[in-house]
Structure formats: C-alpha cells, structure tokens
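Below is one structure, written out as structure tokens; the observations come after it.
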Amino acid sequence: MRRSARVFGLTSTVVVTMWAAAVGAQQVETRAAFDGYVRVTDARSARVSGDAAQFLWIDALPAERRAGVLAALRQGEVVTAQGGPREDGASIAVSGGLIHHWVGTVFVPGATLGQTVALLQDYNRHAEIYQPIITRAQLLSHDADDFTFTMRFTVRKVLSVVLDTDQHARFQRPAADRAASRIVSTRIAEVESAGTSTEREKSPGQDRGYLWGLVSYWRFVGRDNGTYVECESVSLSRPLPTGLGWLFGKAASAVPKDIIVANLAATRRALTR
C-alpha cells in the first residue's frame, strides 16, 4: 500500500507538472499571437497619425455611411464599430484565446483640442469623471508626454467583473490640429469581492480571463467647431470555460466595448458641462 501511495503521488505530481507546462506554453503562444496583432495595429496607427485625411476611422468610410455617422455624432451619440479584419462583430480566435478589436468615436462641440487632451491626462480625477466604469485611478509618475497610473475598471453586463490595472500612456502631437496617445496595460488582475473586507486579486489562471491584455489608442482632432475623440481598443481574453462558451464569449467581447462607450460618453459630458 505504501509503495502504491508513493507511485500514485509521484504520478500525480508528474501529471500536474506536465499540465502546468502545457498551460504555460499555450499562454506564451497566445501572448505571442496577441503581440503580433498589436504590432500590426501599431504600424497602421503610426501611418494614420501623419495623415490628416485618414486620421479617424470615420474618415475612411464611404461618403454615404460617413454622412450618417457624422449626423449621429453631432446628435451626441457614441458610434462604435468592429476594428481590424472583422466587420461582423465577432472576435478573432487565436491559439488559446480571443482578440477583441473595437473602435468608437464621439464629437464634443465647443471643446478645444487642448482642453480635451488635458482632461484625458488628468488621471487623478478619472474615478470622478469616468464613473461607474472607472472606480479608482491614481497617477504614479509623469515625465513630459509619458504617464504611468493605476486604474480599476468595474463592468456590469452579462457577467460582472472588476479589474485592477497598471498602465502606461504616451501622448504625441503630430500636428497642431490633432493629438494621439497609446496606452498599454502592463498588469491586469481580476478582483474578487471588490469593496469588501475580503477583497483580493485573483492570480492568473484562477480568474475568469475577461481581460488578459489591453492596448488602447486615443486620437483627438479639432474640426467643425469642436473636437472629435476616438478610442480604439485591442484586447485579449483567455480560453472559454467549458460549458460557458457562448455566455463567456459575449461577456468578454462586451467588456472592452462597454469601456469604450462609457469613457467616450463621459468625456463628452465632462467637456460640455
């Protein structure tokens, strides 16, 4: 019996070790696929930054559709679309995960480019300006056009999720009438029992995997007696839990889109008060 127990224990250890190694290898492969997708998006973002005629995603729309989108924006709506190669609202499957790519735009009448950029850079006030999506925010460092900060996202749709993130933003002004920023999340952790005495961050692999990676691109351009604000988001979620594929996939895709819509609407409200 003792020998059998030792053999069983050794076998269990080997199985667990092999399983952990397989999961780790898959995560490396998944992150590599996401990083490659981000590099392609970075290259396109760099190209449009120098092109006033293609700076916003709406600039490339066919004339009839663009006219309809502009009319909606001037009515105060936030207009969103699927980014990247998909236009059917579907996420992009990669080995071990899903990439979600969204873009949204809002128009702020009467706001100047300088006012708009200053609002986005006021990270210590983001929990006030962007509630209830952003419930905590703190600027950690600021050096010229570089900012590092922490931010807590709270999303309640389909399934609720609270995420603590560390982020780095870099701003640039490619021309007098426009500005842009690239924001990358350097750490993302799902929070369990948020706001209670038992609050804790789940370790990677123990969370629900709503958000594993996130890169956001903000663009601002002064036109039409106001400022257009665009946010493009590329995010990664972990593999779908068995039995929850449809529900989880819908929720995971909704998280980055909901953050975009809520933040753009809040930006407009703050600047039009």
Side-chain angles (χ1 to χ4, degrees), residues 41-42 45-46 48-52 54-59 70 73-80 102-154 163-186 214-234 256-273:
T41 309
D42 283 343
S45 180
V48 301
S49 290
D51 186 353
Q54 299 290 319
F55 189 65
L56 303 177
W57 74 272
I58 60 174
D59 295 333
L70 288 173
L73 291 172
R74 287 166 187 158
Q75 291 296 316
E77 295 182 28
V78 176
V79 179
T80 62
W102 291 96
V103 60
T105 306
V106 73
F107 176 65
V108 189
T112 68
L113 181 65
Q115 290 170 334
T116 306
V117 172
L119 180 77
L120 268 294
Q121 293 177 342
D122 194 0
Y123 291 106
N124 284 330
R125 292 185 58 226
H126 275 211
E128 169 194 342
I129 297 167
Y130 294 101
Q131 60 178 298
I133 288 288
I134 297 175
T135 51
R136 289 184 190 174
Q138 182 182 2
L139 179 67
L140 300 178
S141 66
H142 171 211
D143 181 14
D145 294 325
D146 288 277
F147 298 77
T148 59
F149 53 95
T150 63
M151 192 168 285
R152 170 171 286 189
F153 294 114
T154 301
L163 301 164
D164 278 346
T165 66
D166 294 338
Q167 303 195 50
H168 173 260
R170 173 166 291 175
F171 286 77
Q172 58 174 326
R173 289 286 292 267
D177 66 338
R178 56 192 186 274
S181 70
R182 180 184 187 273
I183 306 174
V184 58
S185 293
T186 57
L214 175 64
V215 180
S216 301
Y217 308 83
W218 287 77
R219 303 179 186 94
F220 319 89
V221 60
R223 294 180 191 166
D224 304 329
N225 298 313
T227 299
Y228 289 89
V229 184
E230 176 178 288
C231 180
E232 182 177 6
S233 167
V234 178
K257 182 183 178 182
D258 287 352
I259 291 173
I260 285 177
V261 172
N263 286 349
L264 288 174
T267 297
R268 190 180 192 277
R269 286 196 302 270
L271 290 168
T272 55
R273 286 172 183 166

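What you are looking at is a predicted structure, and each value in this text was computed from that prediction instead of being measured.
Glu230 is linked by a salt bridge (Lys or Arg N to Asp or Glu O under 4.0 Å) to Arg219, counting only residues two or more places apart in sequence or in another chain. In terms of the salt bridge (Lys or Arg N to Asp or Glu O under 4.0 Å) criterion, residue partners of Asp224 (sequence neighbours excluded) are, by chain and number, Arg74. Under the rule for a salt bridge (Lys or Arg N to Asp or Glu O under 4.0 Å), the partners of Asp166 that lie at least two apart in sequence or sit in another chain are Arg187.
Within the 4.5 Å cutoff, the side chain of Val79 has no heavy atoms near those of the Ile58 side chain. Residues Thr116 and Trp218 form no side-chain contact, since every pair of their non-hydrogen atoms from C-beta on lies 4.5 Å or further apart. With contacts defined as side-chain heavy-atom distances shorter than 4.5 Å, the pair Pro109/Thr272 qualifies.
In this structure, Ser181 OG and Gln172 CD are separated by 9.0 Å, a value rounded to the nearest 0.5 Å. For the atom pair Glu232 CD and Leu56 CG, the distance stands at 11.0 Å (nearest 0.5 Å). To the nearest 0.5 angstrom, Leu264 atom CG is 5.5 Å from Cys231 atom SG. Here the CG atom belonging to Leu120 is positioned 4.5 Å from the OH atom belonging to Tyr130, to the nearest 0.5 angstrom. For the atom pair Asp59 CG and Gln54 CD, the distance stands at 6.5 Å (nearest 0.5 Å). Rounding to the nearest 0.5 Å gives a distance of 12.5 Å between CG of Asn225 and OG1 of Thr112.
Formation of a donor-acceptor pair under 3.5 Å by the His168 side chain with backbone atoms of Arg182 is not found in this model. Proximity of a side-chain donor or acceptor of Arg268 to a complementary backbone N or O of Phe107 within less than 3.5 Å is detected. Side chain of Glu128 to backbone of Arg125: no donor-acceptor contact under 3.5 angstrom is found. Ser216 places no side-chain N or O within 3.5 Å of a backbone atom of Ile183 that could act as its donor or acceptor partner. Although no hydrogens or angles enter the test, the distance criterion places no donor-acceptor pair under 3.5 Å between the side chain of Thr148 and the main chain of Leu140. Between the side chain of Ser45 and the backbone N or O of Thr41, no donor-acceptor pair lies under 3.5 Å.
Between Thr227 and Ala111, the shortest heavy-atom distance links the atoms OG1-O, 2.8 Å. Minimum heavy-atom separation, Ser49 to Pro174: O-CB, 3.4 Å. When every heavy atom of Asp42 is checked against every heavy atom of Tyr217, the shortest pair comes out as OD1-OH, 2.6 Å. Nearest approach of Gln131 to Arg269, heavy atoms of both residues: O-NH2, 4.5 Å. Asp146 and Arg170 get closest at one heavy-atom pair: OD1-NE, 2.8 Å. Considering every non-hydrogen atom in both Leu113 and Ala179, the closest pair reads CD1-N, 4.2 Å.
Surrounding CG of Asn124 are more than 12 heavy atoms belonging to other residues, nucleotides or ligands, all under 6.0 Å away.
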With side-chain contact (heavy atoms from CB on, under 4.5 Å) as the test, would you mind laying out the steps for Asn263 and Ile134 before giving the verdict? CA-CA 9 Å; Asn263 286 349; Ile134 297 175; 4.0 Å; yes
The test is side-chain hydrogen bond (donor to acceptor under 3.5 Å, both in side chains); show your working for Ser185 and Thr165 and say whether it passes. CA-CA 6 Å; Ser185 293; Thr165 66; 4.9 Å; no
Test Thr105 against Trp57 for side-chain hydrogen bond (donor to acceptor under 3.5 Å, both in side chains), laying out the working first. CA-CA 8 Å; Thr105 306; Trp57 74 272; 2.7 Å; yes
Please evaluate residues Thr150 and Tyr123 with respect to the criterion side-chain hydrogen bond (donor to acceptor under 3.5 Å, both in side chains), reporting the C-alpha separation (whole Å), side-chain torsions for both, the decisive distance (0.1 Å), and the verdict. CA-CA 9 Å; Thr150 63; Tyr123 291 106; over 6 Å; no
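Here Asp145 does not pair with Arg173 in a salt bridge; the nearest charged N to carboxylate O distance is not below 4.0 Å.
Phe147 and Phe171 have perpendicular rings, their planes meeting at more than 60° on a 0 to 90° scale where under 30° would count as parallel.
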